[in-house]
Amino acid sequence: MDLRRTEVQEAVRDGVGRFLAKASSPERVRAAEPLGWDRAVWDGLAAMAVPAMGVSSELGGQGAVLADLAVVAGEAGAHLAPAPVVEAMVAARLLAGHPDVGGEWLGHLVDGTGPVTIALRPPREGRLTLVPGGAVADAVVALDGDELVIVAAATDADRVAPANLASAPLADIDLGQGAWDRRIVLAVGGRANRAMAAALDEWRSLTAAWLVGLARAAFGIGVRYVKDRHQFGVPIGSFQAVQHRLADLATTLDGAELLADKAVWALDQGDEASSLPAMALSFCGETAQHVTSAALHLHGGYGFMEEYDIQLYFRRAKAARLVLGDPRRELRHLADRLFGPVEG
Amino acid sequence: MDLRRTEVQEAVRDGVGRFLAKASSPERVRAAEPLGWDRAVWDGLAAMAVPAMGVSSELGGQGAVLADLAVVAGEAGAHLAPAPVVEAMVAARLLAGHPDVGGEWLGHLVDGTGPVTIALRPPREGRLTLVPGGAVADAVVALDGDELVIVAAATDADRVAPANLASAPLADIDLGQGAWDRRIVLAVGGRANRAMAAALDEWRSLTAAWLVGLARAAFGIGVRYVKDRHQFGVPIGSFQAVQHRLADLATTLDGAELLADKAVWALDQGDEASSLPAMALSFCGETAQHVTSAALHLHGGYGFMEEYDIQLYFRRAKAARLVLGDPRRELRHLADRLFGPVEG
Amino acid sequence: MDFSLPAEVEDFRAEVRTFLAEHVTAEVIERAHATGTFHDWGLHRKIAAKGWLAAGWPEEYGGQGRSPLEMNALSEEMYLSGAPVDGVGVAGLVAHTLLLAGTDWQKRTIVPRILSGDAMCCLGYSEPDAGSDVAACATRAVRDGDEWVVDGQKMFTTLAHEAHYVFLLTRTNLDVPKHKGLTMFVVPMDTAGIEVTPVHTVGGERTNITFYTDVRVEDRYRVGEVDGGWAVMMTALVFERNSAWYGECVRLLDHAVAWAGEGRDDRGRRIIDDPSVRERLARASIGNEVSNLLGWKAAWMASEGTLPGVEGTMAKLFTTEHYQRAADDLIDLCGPEGLRRHGEDGAAADGWIEAAYRHCQVTTIYGGTSEICRGIIAERGLGLPRAR
Amino acid sequence: MDFSLPAEVEDFRAEVRTFLAEHVTAEVIERAHATGTFHDWGLHRKIAAKGWLAAGWPEEYGGQGRSPLEMNALSEEMYLSGAPVDGVGVAGLVAHTLLLAGTDWQKRTIVPRILSGDAMCCLGYSEPDAGSDVAACATRAVRDGDEWVVDGQKMFTTLAHEAHYVFLLTRTNLDVPKHKGLTMFVVPMDTAGIEVTPVHTVGGERTNITFYTDVRVEDRYRVGEVDGGWAVMMTALVFERNSAWYGECVRLLDHAVAWAGEGRDDRGRRIIDDPSVRERLARASIGNEVSNLLGWKAAWMASEGTLPGVEGTMAKLFTTEHYQRAADDLIDLCGPEGLRRHGEDGAAADGWIEAAYRHCQVTTIYGGTSEICRGIIAERGLGLPRAR
């Protein structure tokens, strides 16, 4: 047992963190709204070889384990980086599992040319909905029937990026139409299903790490605010109701961090049946929502002003939980893992 | 709109309340455990004509409306009266709907000879389970298939009164066996179903009133305790965390009281399709649980001592929610009322 | 007990509902949403023309003598309709306070302008360092002959960009405890030295910061005694706390029920048939009912001649906290489609749940934060010793 | 990061598990439940014989030199087994404190008796007017030559009726701030003037009130300095806060899962197939995992040489609050059958969920209430200014 990050991880955290502190400052994050995309952030991360970091060196990556990617995800969350970092890292590993057919797009990520993302749900009536990063990705991996495919856009037609709660680059994509006609089958049948299931668990775990990074940053903003802000002649952080609320949140936040860390560790150990990714997404999502909500409300009226940073965190925390689906359905997915499927 | 109780109701409250303050003191409530039955309490209430109070005077009752019965239920809850008061009042009204065949047992309640109760669920494999008041009732009304029946015990055989969380007089009863061979059919088919549905809504509403009475009393104990109890040189009621918790509870308690009152009012208005009884049971049950739990915990270690009264309230509040079923199922029952049944 | 409303209240409610059904058009609602200004001059003047800005006043003062029950019905119907009535609320509040604490000149000159719907007001209480602690007000008013010179800054002066008067709390005395050195003014917004800067919020509402630099205010705009501003503000605050947001909670739930009833899951089943969706919708329904009852209880007490200080505070606390819990639950059950904003294709409930989720956050802040409300209930309602 | 335990910890855990599987019989568990005394002499002596009461001590003091990780595994396995080990915990705590703060005579005489399993201890901290405010202790100890005369009353002296020593906090100085006038003793329970009165609790546990009347205690039973009792108690408290109840949470959930998997609803469907039952079981599982991780984090920090004061407090706070939420949820999903007590026919999960629902309530009280824990986390963990 060792709960320290490795030296490499500390270096990655430091490097990515320093870069994002500048490139993804609150001002830049605001400027990237409503689409949630800043090419310079992507380019900078690509220059650090982030997108394909989790791919073996033979395939052009760094051979990083998920625990390393989680460090990047955490920094991306802490700085609300306007780029689909988690999705690209997951897509890279998915493509690396099928290098013969996926090699071209993997190279796209290795070179950092632009994002490739994954669709969290199969298409419905030929349409992928609310694909994370889909608004800015050059290609999307999806499970289409019993085929795992990667589709690419020739133009931006047939891609709609709706304004949304998080100002995230979500998009609806019509498959099988002119604009998305570049389609490569990566795998079929059981292999396709297993590959997507594994990718979704990686997405859950890294998104959990992203949420923890986001929540830690928001919590820090909240704690600083209650120490600085005075009302009735005292810092509002001296009121017991404020203290107790923050103490509970600090506790769940520590728990969320451990759970996210353990989830990536379990996947790195090869435990494909682990229920930890689903646990981590549920708990870290809930925690991030509670933390950002409390931090916003502790600001009083200021929390609602667009000018204050806390609202940026508040909106993104909630949305990250929902992009996969109703959180209650995620609990039921977890129940399937833990207790087996529903009978009949 | 008038949120005052009538003069008659104030008189009933005063009379029943005075009687129970003595006859159902905490000492007597403890002495009546674990069965939850005190003959003297029943006899005293019977002497006040409580059991058949909600039956027309032609049939031997007082012609009281449900709102009057709710006042009695509230006092019974406040004093944790060890007698199935709500169940008997509901059973009396149910029997009064079928005076030709139910007259004998209605007379039993009019005379106050002993309790008659209702089973909240139909028998399963010939067995009624956890019938409230069933451990001490002389007869039980139940919906058995498409028949509304009243069954009576010749002896106590085939009646099991399990020890339970609330020390309530719950019992399992095997029907169709020797001991419970006195069986009268009150109604069949649609009439039987409607009569039982109406009785259950009355039970929900009066139990909600009972829970509000219980919760108000427990809340009073809690508030008095935090005013009296000093730690760190000050009353613990001066700590903001304590104050805010109690303020939220005071608010929900007011809301619960209004909801319970409105539920009986709606039934008194003849609104059989009202969703208010289900709302009232859910919300008053939840409120009573939260209030009693908070009051218990605010006592610190003393809250757990059997010697302190608050635990008596704590155990009964939880159990009253559960005796009808998992509270989530009650929410779904409410959804059926509000949104119509589930398709297909 | 009787939960039915008297016939005259139901009649009035019906009249209000008919009026709103005609005048609160989709266009009015869309415009308020788009601009973030929950005030519509056309609608406002029509409401004023009905005499409803002063509906609750005695007839001798130009009102309609309507009871607190009628007033609650009016407020409920306005919120249920989705009408942008922030302006109606503030106008009524200021006019009412002037009626109780203003001078004859103010009653003759300012009040009629407000009641006719020609003049709007905004509230100048909050400051950068005076939020919940509003008595920490630092905006100075210094007497200079028959005038006062005002310097300072006010936060959250919602509607200032539409208003003709600001109800301005100032500090006039530094030598006394902070509550005792405040004075209230009703200052024309076109007075030289007032500047309005827009502030945009996460809920989509526009509010403002207002700056006051060497603003010269004639003494006749003073409301109440010099150094008596706290009492004037308390008079006004009583009108602020109620379950007004109940109407918004109903609209929120209606949207969710409609969406869940129409939508289908991957297997073609109605969303509303999912057990946990049903549980959440049912739970939200209960919260709505309780919010409504707490509001009516306060109104009923007022109609009986009791000032429902604690009860109105309870209604405000419960309704707004419930609103946030409900919005949180109901956006969840929409899943990803709940994220789309109003106007986007495929948005669950046309994006109104997403909008409510953002908007509702502020309701536990203005008109007294939940923390302030809990303190009032604990101390005044429960008699607990002053918090430490 | 590595969440796997070192081989020696896993080996030790396996040894403990095998031992407990053999010795924690159904009979032992039933007896503890029936008597409410979560101490079993037979089991206690066997555990002592394994050397586990001092397993964490350096070998030179008679311990096994086991690491904080091994100690956490030991504690976890004991709770997971359902063993009645309240006595093990208190014995270890007192012995450990004596090792750190006791005299040579105490270490030679009392410690061996405890470690051998021959002598049990109980804690005499709480008093009628000193609960969370334990420094308000009023039990007096007055010096009389080489003896002290003790008078007072202690609450919640659990296991006093089985114990040979009480770890007794007393007031020895009235002229200094309250924390500075306390002295600790380890007093033989057979000393004249000690009286034990049973106290029964809603959780079914037996605890006691102990009365001290003219109890004459030799000075050699004093632990630490005169007026230095607070420091001695703080030394001991560090051992009290962790996620020990995690094991009980696991047992609770296992009972619920087993019951829901076996039970059928009216339509013959498995209870566990109900969506909201699944959601609640899944949620409880997450809480268990988090409780476990917080406990291991504290243990790991200790193994790295850091005193996990805040982290242990977090583990205690989260685990016990989660325990109560989970018990509340899980008894609900059993519906009416959840009300039956252990031993009753048809009781859901043989009544163990009902028993847990009552028992778990006390866990947020002893060893520091949740309110005290939150204060520690806020002030020491977050550096917030002292609460008002």
Side-chain angles (χ1 to χ4, degrees), chain A residues 34 120-122 124 127 129-132 160-168 170 172 229-234 236 238-242 245 289-290 293 296-308 310-312 314-315 318-332, chain C residues 126 128-136 155-156 178 199-205 207 209 264-266 271 274-277 279-280 324 328-329 331-347 351 354-355 357-359 361-362 364-366 369-371 374-375 387-388:
Chain A
L120 305 179
R121 287 174 299 280
R124 215 168 140 174
R127 189 175 174 82
T129 55
L130 299 171
V131 177
V160 177
N164 60 78
L165 173 61
S167 303
L170 305 172
D172 301 330
R229 173 78 174 166
H230 282 62
Q231 289 282 274
F232 305 102
V234 294
I236 61 174
S238 66
F239 288 106
Q240 198 188 35
V242 171
R245 188 170 182 187
Q289 183 188 327
H290 290 168
S293 173
L296 180 115
H297 282 276
L298 290 170
H299 278 69
Y302 297 99
F304 304 94
M305 288 172 62
E306 289 195 343
E307 197 180 321
Y308 278 69
I310 193 63
Q311 56 91 5
L312 300 170
F314 171 76
R315 289 187 288 116
K318 180 74 178 179
R321 299 190 74 186
L322 289 185
V323 71
L324 183 62
D326 180 352
R328 300 288 191 98
R329 289 189 176 265
E330 184 65 7
L331 282 178
R332 294 191 217 167
Chain C
S126 292
D129 290 321
S132 283
D133 185 11
V134 62
M155 295 299 300
F156 307 114
K178 61 182 182 178
V199 167
H200 298 286
T201 69
V202 67
E205 298 94 340
T207 180
I209 306 178
R264 303 263 164 181
D265 70 11
D266 291 340
I271 306 269
D274 180 281
S276 95
V277 169
E279 289 171 11
R280 283 178 280 177
Q324 286 174 13
D328 181 29
D329 255 6
I331 194 172
D332 273 4
L333 65 79
C334 297
E337 306 305 331
L339 298 174
R340 298 178 196 260
R341 292 211 170 177
H342 176 62
E344 296 292 346
D345 225 37
E354 192 274 343
Y357 179 72
R358 286 182 287 112
H359 160 66
Q361 304 300 332
V362 81
T364 53
I365 298 286
Y366 51 49
T369 64
S370 289
E371 288 72 23
R374 293 188 184 107
R388 343 165 335 109

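Reminder, nothing fancy here: chain letters follow the sequence lines and each chain counts from 1.
Closest non-hydrogen pair, A/N164 versus C/R341, comes out as O-NE, 3.5 Å. A/R332 approaches C/D274 most closely through the heavy-atom pair NH2-OD1, 2.7 Å. Nearest approach of A/G325 to C/P336, heavy atoms of both residues: CA-CD, 3.6 Å. C/L339 and A/L170 get closest at one heavy-atom pair: CD1-CD1, 4.1 Å.
With no hydrogens or angles considered, no side-chain donor-acceptor pair links A/R329 and C/S276 at under 3.5 Å. A donor-acceptor contact closer than 3.5 angstrom links the side chains of C/D328 and A/Q289.
A/H297 has its side chain within reach of C/Q324: a pair of non-hydrogen atoms, C-beta onward, lies under 4.5 Å apart. In this structure, A/R328 and C/L333 have side chains that are not in contact, with every pair of non-hydrogen atoms separated by 4.5 Å or more. In this structure, C/H200 and A/M305 have side chains that are not in contact, with every pair of non-hydrogen atoms separated by 4.5 Å or more. Residues A/R315 and C/V202 form a side-chain contact, since some pair of their non-hydrogen atoms from C-beta on lies under 4.5 Å apart.
For chain A, the option among C/G338, C/P128, C/G351, C/A135 with the highest count of heavy-atom pairs below 4.5 Å is C/P128. Highest contact tally toward chain C, considering only A/G301, A/S293, A/A319, A/G233, is held by A/G301 [criterion: heavy-atom pairs under 4.5 Å].
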*Given A/L165 and C/I331, is the side chain to side chain contact (heavy atoms under 4.5 Å, CB included) satisfied, shown in steps?*
CA-CA 11 Å; A/L165 173 61; C/I331 194 172; 4.2 Å; yes
*Verify ring pair (Phe, Tyr, Trp, His ring centres under 6.0 Å) between C/F156 and A/F304, making sure each step is shown before the conclusion.*
CA-CA 11 Å; C/F156 307 114; A/F304 304 94; 8.5 Å; no
*Full working for side chain to side chain contact (heavy atoms under 4.5 Å, CB included) between A/R229 and C/D129*: CA-CA 8 Å; A/R229 173 78 174 166; C/D129 290 321; 3.9 Å; yes
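Heavy-atom distances place no part of A/L312 under 4.5 Å from chain C, backbone and side chain included. With a 4.5 Å cut-off on non-hydrogen atoms, C/S126 does not touch chain A at all. Residue C/V362 touches chain A through both its backbone and its side chain, counting heavy-atom pairs closer than 4.5 Å. No part of C/A355 comes within reach of chain A, as not one of its non-hydrogen atoms sits under 4.5 angstrom from that chain. For C/E354, the part lying near chain A is the side chain, with the backbone staying farther off; criterion is any non-hydrogen pair under 4.5 Å. In this structure, chain A has no heavy atom under 4.5 Å from any part of C/E205. Using a 4.5 Å cut-off between heavy atoms, A/A241 makes no contact with chain C at all. For chain A, the nearby part of C/R280 is the side chain; its heavy atoms alone come within less than 4.5 Å. Of the two parts of A/Y302, the backbone and the side chain both hold a non-hydrogen atom closer than 4.5 Å to a non-hydrogen atom of chain C.
Distance alone, capped at 3.5 Å, places no donor-acceptor pair between the C/E344 side chain and the A/P162 backbone. Using a distance-only test at 3.5 Å, with no hydrogens or angles considered, a donor-acceptor pair links the side chain of A/Q231 to the main chain of C/D133.
Between C/R340 and A/D172 there is a salt bridge, since a side-chain N of the basic residue sits under 4.0 Å from a carboxylate O of the acidic one. Salt-bridge formation is not detected for the pair C/D265/A/R124: no Lys NZ or Arg NE/NH1/NH2 atom is positioned less than 4.0 Å from an Asp or Glu carboxylate oxygen. At a threshold of 4.0 Å, the pair C/D332-A/K318 counts as salt-bridged, since one of the basic side-chain nitrogens sits closer than that to a carboxylate oxygen. No salt bridge links C/D266 with A/R121; every basic N to acidic carboxylate O contact stays at or beyond 4.0 Å.
Between the CG atom in C/D345 and the OG1 atom in A/T129 there is a gap of 12.0 Å [rounded to 0.5 Å].
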